[in-house]
Every structure is written in C-alpha cells, then in structure tokens.
Novice: 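Below is one structure. I have some questions about it.
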Protein chains: 2
Amino acid sequence: MPLPQTEIPGRLQKQLADRGIRMTGPRRAILRVIETANKHLDASQILRKARAVDRSVDRSTVYRTIGLLKRQGLIDELDLMHINGEGHYYERKLGPDHIHMACLRCGKISEFVSKTFDSLKQQLERDCRFHIVVSRLEVGGYCSACRH
Amino acid sequence: MPLPQTEIPGRLQKQLADRGIRMTGPRRAILRVIETANKHLDASQILRKARAVDRSVDRSTVYRTIGLLKRQGLIDELDLMHINGEGHYYERKLGPDHIHMACLRCGKISEFVSKTFDSLKQQLERDCRFHIVVSRLEVGGYCSACRH
DNA sequence: TTAAGTGCAAATATTTTGCTGTCAC
DNA sequence: GTGACAGCAAAATATTTGCACTTAA
C-alpha cells in the first residue's frame, strides 16, 4: 500500500504558479477537488464536485484543466481496467509510482508499491535506451476477498 | 523484443471452436484480420480490413467480437498511452506478456519482455493475495532515436 | 494591454443497445 | 428447431472544438 502522503493544501496551485501558469476561479476549484480527493475521480465526478464550489464551472474547462495537468506531469491518467465504462480516472502524482489492481468481481481498487517495479523500469530504460516519462501498470483479477 | 511467434493460421478460430463457440462468416473475417495483423489495430482498422474480406461486416459486430475475445482471454486491450485519440488497440495474446513503450515524439510502439515483469506479478499475487487475470504495463517516453 | 482562459453550443469520436431477421449447429 | 448471431439504426458515453466574451498578470 502506498504510504499516505502528507499534503500541503494548495500545493498543486503553487506548482502551477511556479511554472508561470495563470490561476483562475474555475481552475482553483478543479485543482482543489483533485487535491482533496480520497479516491480516483473521473471527469464527470470532478465536474460535479467542482460545481459544488463554483457553480459556473463547465465540463470543457474540466477537460482542459485535466489536459494541462497531464502535460505538466502533475497527474496520472488511469483506466482502472475499464471496470466502469470507457472513461478515465485521475490522481495526483505523489510519492512512489504504484500499481493499480482492480477486482473484476467487487470492483475494489487497491494499490501496490514495489521496488521491483522501479527496477523493471530502470532495466527497460537501460536495455531499450528508452527514456520513460510516464508509466502505467494496471492489473485486473480477483482480490483476496473475492477469489475462489 | 518478444520472439516472433510461429502462428498456425486459423488457430484463433480453432480456439473458439474448442470452446463450443459458434463460427460465422463475419466472425471468421474479423478473427483472420486480428490473427494476421502485423501491428496493433483499433476497432475502426479492424472493421476496414474485415470489410475488405466480407463487405457486409458491421461495426457493431466488430465490437461484439472484440468483447467475445476479451472475455475468452484471447486478446489484450491496449491504450498505447493514447498517442492517437482515445480508442483502444488489440493484439493476440501470444507468448510471454510484454511491456508496450510508446514514443511521445515519433509515435513508435515497441515491446519489451522481461523476467522482472513476471517476478513483479508473482510478488503482487503473493503479497496482496490477488489473483491476476489480465495485466497491462504501458510506458510513454522517448525512444533511442528521439531522446535528447 | 493582451494573451490566456472561460462558458456555451455544437461537433466528433467511441462504444453500446434494441430490434428484427438469419443462420450455425 | 432454436438459441446465438447478424445488420441496421439509434442511443449512449466520452471528449474536443469554434467562437465571442472575460480576466489574470
């Protein structure tokens, strides 16, 4: 399990400011939602929560902000094995990279941190002379409670 | 690089027959396309190629057949880091699991087989008491020709 | 001031579904 | 014969874009 990260509120906002990126009301609302989320959210969920803060936030602004954060390398995009529909989920990039496990029966998502994962990426970079910018390892299967 | 797999033509069709799954003209065309593909194809590409064989094949049949093959564990679904749009790509499940690398500059997709990947999955199954059915490791970055 | 960001509406892309007729076994 | 599969059309879902107005720096 990844260690809970002690997060400074508004850090995401600061990271963008440090890069000279303009801050606006809708953007602030969306960043706050992503920052305080305790689970992986999709675009519609981010929209709904952001609207609870700033009523005027539009769906397209959510997508544009997600795009910005992806380009800046501040969030990761996940499929979670498409356990619910074809959309994507997002999470702050915090702490060590981790593996996402999706239970095909109960739908639970869990996370796993492993040094072997880091070694594997290093090995790939070396053996393939490939510079990794972003990586995603997802597995689908049966969790301890659901497996037979 | 994964070793090229010597493939018996019609093997996919046989695998379905062995499971008592009905064979039809459109299905045969789609299976053949997937089987003989030399690169990862998305649903639209599969449709176009299948239509070259059997003019009447419908897009929904392509999606239904992809769904069937996924449920049967005979193909893997890939995002290839969404280097082109939001769709999915498909490939025969053949030989050892491999990692997909997508170059963010030239778009080249390459593959990497590693024993470390297998160890990582074994470790996850043991440590998390999770039974893996399907896994997907994709990385985005810069290939040897494009990195600076 | 002005380049960047926004909401709104519409377009595009991707996948799924209902239905009715057909076909494999 | 019958349940599985097909094409077709339409719907559902997910994301992007053009445009005119607004705003942060």
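Lettering follows sequence order; numbering is per chain, from 1.
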Novice: Rounding to a whole Å, what distance do you find between A/Arg55:CZ and C/dC8:P?
Specialist: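 Going from A/Arg55 (CZ) to C/dC8 (P), I get 11 Å.
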
Novice: Select base, sugar-phosphate, or nothing to describe what A/Ser60 touches, counting heavy atoms under 4.0 Å on all strands.
Specialist: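 A/Ser60: base contact, heavy atoms under 4.0 Å.
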
Novice: Specify the separation, in whole Å, of atom CZ of A/Arg19 and atom P of C/dA4.
Specialist: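 My rounded result for the distance is 18 Å.
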
Novice: State, to 0.1 Å, how close B/Arg27 and B/Leu68 come at their nearest heavy-atom pair, and which atoms those are.
Specialist: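 Heavy atoms only, the tightest pair is CZ-CD2, 3.7 Å.
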
Novice: Determine: side-chain N/O of A/Arg27 to OP1/OP2 of C/dA4, distance under 4.0 Å, yes or no.
Specialist: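 Answer no for this pair, as no side-chain N or O of A/Arg27 is under 4.0 Å from OP1 or OP2.
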
Novice: Is any NZ, NE, NH1 or NH2 atom of the basic residue among A/Arg136 and B/Asp79 found under 4.0 Å from an Asp or Glu carboxylate oxygen of the other?
Specialist: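 Yes.
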
Novice: Find the distance A/Tyr89:OH to D/dA14:C1' and express it as a whole number of Å.
Specialist: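 To the nearest whole Å, that distance equals 12 Å.
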
Novice: What is the distance, rounded to the nearest whole Å, between atom CG of B/Asp58 and atom P of C/dT16?
Specialist: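 Distance, rounded to whole Å: 14 Å.
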
Novice: Assign the ring pair B/His88 / A/His82 to parallel, tilted or perpendicular, where the plane angle (0 to 90°) is split at 30° and 60°.
Specialist: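 Judged by the thresholds at 30° and 60°, the geometry between B/His88 and A/His82 is perpendicular.
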
Novice: Check whether any side-chain heavy atom of B/Leu120 sits under 4.5 Å from a side-chain heavy atom of A/Ser114, and report yes or no.
Specialist: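 Yes - at least one pair of side-chain heavy atoms lies under 4.5 Å apart.
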
Novice: Among the nucleotides C/dG7, C/dT15, D/dT16, which one has an atom lying closest to any side-chain atom of B/Arg59?
Specialist: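 For the B/Arg59 side chain, the nearest candidate turns out to be C/dT15.
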
Novice: Starting at the 5' end of nucleotides 20-25 of chain D, put B wherever the base has a protein heavy atom under 4.0 Å, S where only the sugar-phosphate does, and a dash everywhere else.
Specialist: ---BBS

Novice: Starting from P on D/dA4, measure out to CG on B/Leu16 and report it in whole angstrom.
Specialist: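 Between P of D/dA4 and CG of B/Leu16: 16 Å.
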
Novice: Using whole Å, what does the distance between atom P of nucleotide D/dA14 and atom CG of A/Leu47 come to?
Specialist: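 In whole Å, D/dA14 P lies 13 Å from A/Leu47 CG.
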
Novice: Roughly, in whole Å, what's the span from CG in B/Asp54 to P in C/dT22?
Specialist: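 After rounding, the gap between these two atoms is 16 Å.
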
Novice: Any residue in residues 63-85 of chain B with a heavy atom nearer than 4.0 angstrom to DNA chain D? Just list them by number, or reply none.
Specialist: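 Close to the strand are B/Arg64.
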
Novice: Determine, for B/Lys70 against B/Glu77, whether the closest basic-nitrogen to carboxylate-oxygen distance falls under 4.0 angstrom.
Specialist: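 Yes, B/Lys70 and B/Glu77 are salt-bridged.
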
Novice: Over all heavy atoms of both residues, which pair between A/Leu78 and A/Glu91 is shortest? Give the atoms and the distance, please.
Specialist: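 The pair with the smallest heavy-atom distance is CD1-CD, 4.0 Å.
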
Novice: Parallel, tilted or perpendicular, judged at 30° and 60°: which one describes the rings of B/His100 and B/His40?
Specialist: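 B/His100 vs B/His40 ring planes: perpendicular.
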
Novice: Is the terminal nitrogen or CZ of A/Lys121 (NZ for Lys, CZ for Arg) located under 6.0 angstrom from the six-membered ring centre of A/Phe117 and within 45° of that ring's axis?
Specialist: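 Yes, A/Lys121 sits over the ring of A/Phe117.
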
Novice: Using whole Å, report how far NE2 of B/His88 lies from P of C/dA13.
Specialist: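 Those two atoms, NE2 and P, are 17 Å apart.
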
Novice: Do the side chain of A/Arg92 and the main chain of A/Ala37 share a donor and acceptor less than 3.5 angstrom apart?
Specialist: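 Side chain of A/Arg92 to backbone of A/Ala37, a donor-acceptor pair under 3.5 Å: no, none is there.
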
